[in-house]
Enquirer: 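Sharing a structure below in structure tokens format, with a few things to ask.
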Amino acid sequence: MATTTTTRPTPARATKPRRGSVLGRSAGLRTGLLLLPPMLWLGVAYLAALAALFVTSLWSQNDFTGDIERIWSLDNYRQLWGIPVYRTIAFRTIGIAALVTVIDAVLAFPIALYMAKVASPRMQRLLVIAVLMPLWASYLVKAYAWRGMFSQGGLIDWLGTPLGIHSPGYGLAATTVTLAYLWLPYMILPIYAGLERVPDSLFEASGDLGAGSWTTLRRVVLPMAFPAVVAGSIFTFSLSLGDYIAVTIVGGAGQLIGTVVYANVGSANNLPFAAAFATVPVVVMLVYLAAVRRTGALESL
């Protein structure tokens, strides 16, 4: 007679969570908690402020009472495009910002190259301090110092009179020089950081292949430093687009976007039009960043 054997089912054992997964989840939680305050700041204080700026630009001002009327329209933007003086001011601002960026790049590149590849470690530290030192002084002090130099009988006149050179006075030239001076450290430091990452072996290999100094500079150094130059240009270009203090101090009768926005917020009390004009630098920077992104420079930073 055949006997049948029955097997008892073994109770399922509780599986312990892996230590790595627990540590990964806790690390992710800590990272999320660390990123929460800056992300809230970005979303509330920055993006929300930009949204409020755009919404305000769609309102209008009552011509008789001066009160803001929350009536949605594109009249402010039509006014910006329809009145030639505002188009001139916008293009003038973009041109000066681009010129300041080019001047800073031309001045910053040899300084950064010497700091990164020629100077000794002790000299590098001294030069970095020298580049950062102007940032320790007040913005207003530096702008008014240039105002004194561009004034009649100022330093430029005093040094240039024996050579027949006179100060150009207050105006767009003084504005360009002042802005180029103010933002020069923001161009030097990114280029210096980018050139410092370039291996010295590339210079030696270029020399071994028979390339001269200018060929090495043009075909090795400049392509590898291009992302750093782009990074510096983002600072100089955007800061020049939105500046109004230096323009007010040394700009004379020349107006840029910042001075028009300041005048409409203050004396004219036309906040919607000021908000509409303030969106121009934002749009210009978005277009500039999109163009830079297409070059691939941002991915190489």
Side-chain angles (χ1 to χ4, degrees), residues 32-33 35-98 100-101 139-140 143 172 175 179 182-183 186 233-294 298:
L33 292 176
L35 291 177
L36 183 61
M39 293 304 294
L40 287 176
W41 176 264
L42 177 65
V44 175
Y46 185 69
L47 297 180
L50 288 179
L53 179 72
F54 179 71
V55 169
T56 305
S57 68
L58 299 176
W59 294 342
S60 60
Q61 183 190 38
N62 190 291
D63 295 332
F64 296 100
T65 63
D67 297 332
I68 296 177
E69 296 179 346
R70 293 172 174 81
I71 301 175
W72 302 79
S73 68
L74 297 175
D75 292 341
N76 293 318
Y77 293 99
R78 295 191 188 98
Q79 188 177 0
L80 282 178
W81 186 254
I83 299 178
V85 65
Y86 293 129
R87 294 202 307 268
T88 302
I89 292 173
F91 289 122
R92 180 192 301 154
T93 304
I94 297 172
I96 289 180
V100 168
T101 301
Y139 177 97
L140 288 175
L172 297 180
T175 300
L179 292 177
L182 290 173
W183 313 138
Y186 297 96
S233 71
I234 294 173
F235 291 107
T236 58
F237 189 69
S238 61
L239 291 172
S240 299
L241 276 179
D243 188 273
Y244 75 95
I245 299 177
V247 181
T248 304
I249 294 173
V250 300
Q255 287 188 316
L256 300 183
I257 292 177
T259 56
V260 176
V261 171
Y262 178 74
N264 279 274
V265 171
S267 57
N269 195 27
N270 191 350
L271 185 60
F273 182 78
F277 215 172
T279 58
V280 174
V282 177
V283 174
V284 171
M285 282 306 303
L286 290 175
V287 174
Y288 180 70
L289 290 175
V292 168
R293 187 174 180 274
R294 290 180 66 87
L298 294 180

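FYI, side chains are in, hydrogens and waters are out, and symmetry mates aren't considered; it's all heavy atoms of this structure.
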Enquirer: If I compare all heavy atoms of Val261 with all of Ala278, which pair ends up nearest, and what's the gap?
Expert: CG2-N, 4.0 Å
Enquirer: Do Pro272 and Ile68 touch side chain to side chain, with heavy atoms closer than 4.5 Å?
Expert: yes
Enquirer: Decide whether Thr259 and Thr248 meet the rule of one side-chain donor and one side-chain acceptor closer than 3.5 Å.
Expert: no
Enquirer: Between Leu271 and Thr56, what is the shortest heavy-atom contact and its length?
Expert: CG-CG2, 4.0 Å
Enquirer: Got a sec, which residues hit salt bridge (Lys or Arg N to Asp or Glu O under 4.0 Å) with Arg87, two or more places apart in sequence or on another chain?
Expert: none
Enquirer: Angle between ring planes, Tyr86 versus Phe277, binned at 30° and 60°: parallel, tilted or perpendicular?
Expert: perpendicular
Enquirer: Once side-chain hydrogen bond (donor to acceptor under 3.5 Å, both in side chains) is applied, what residue pairs with a partner in residues 280-289 remain, sequence neighbours excluded?
Expert: Ser233-Tyr288
Enquirer: So do Gln255 and Val85 actually touch side chain to side chain, heavy atoms under 4.5 Å?
Expert: no
Enquirer: Specify the closest pair of heavy atoms between Ile249 and Leu140, including all atoms of both residues, with the distance to one decimal.
Expert: CD1-CD2, 4.1 Å
Enquirer: Is the ring pair Trp72/Trp59 parallel, tilted or perpendicular, if the boundaries are 30 and 60 degrees?
Expert: perpendicular
Enquirer: Just wondering, are more than 12 heavy atoms of other shown residues or ligands nearer than 6.0 Å to CZ in Phe235?
Expert: no
Enquirer: Just wondering, more than 12 heavy atoms not from Phe54 lying within 6.0 Å of its CZ?
Expert: no
Enquirer: Is there side-chain contact between Val100 and Phe237, with at least one heavy-atom pair below 4.5 Å?
Expert: no
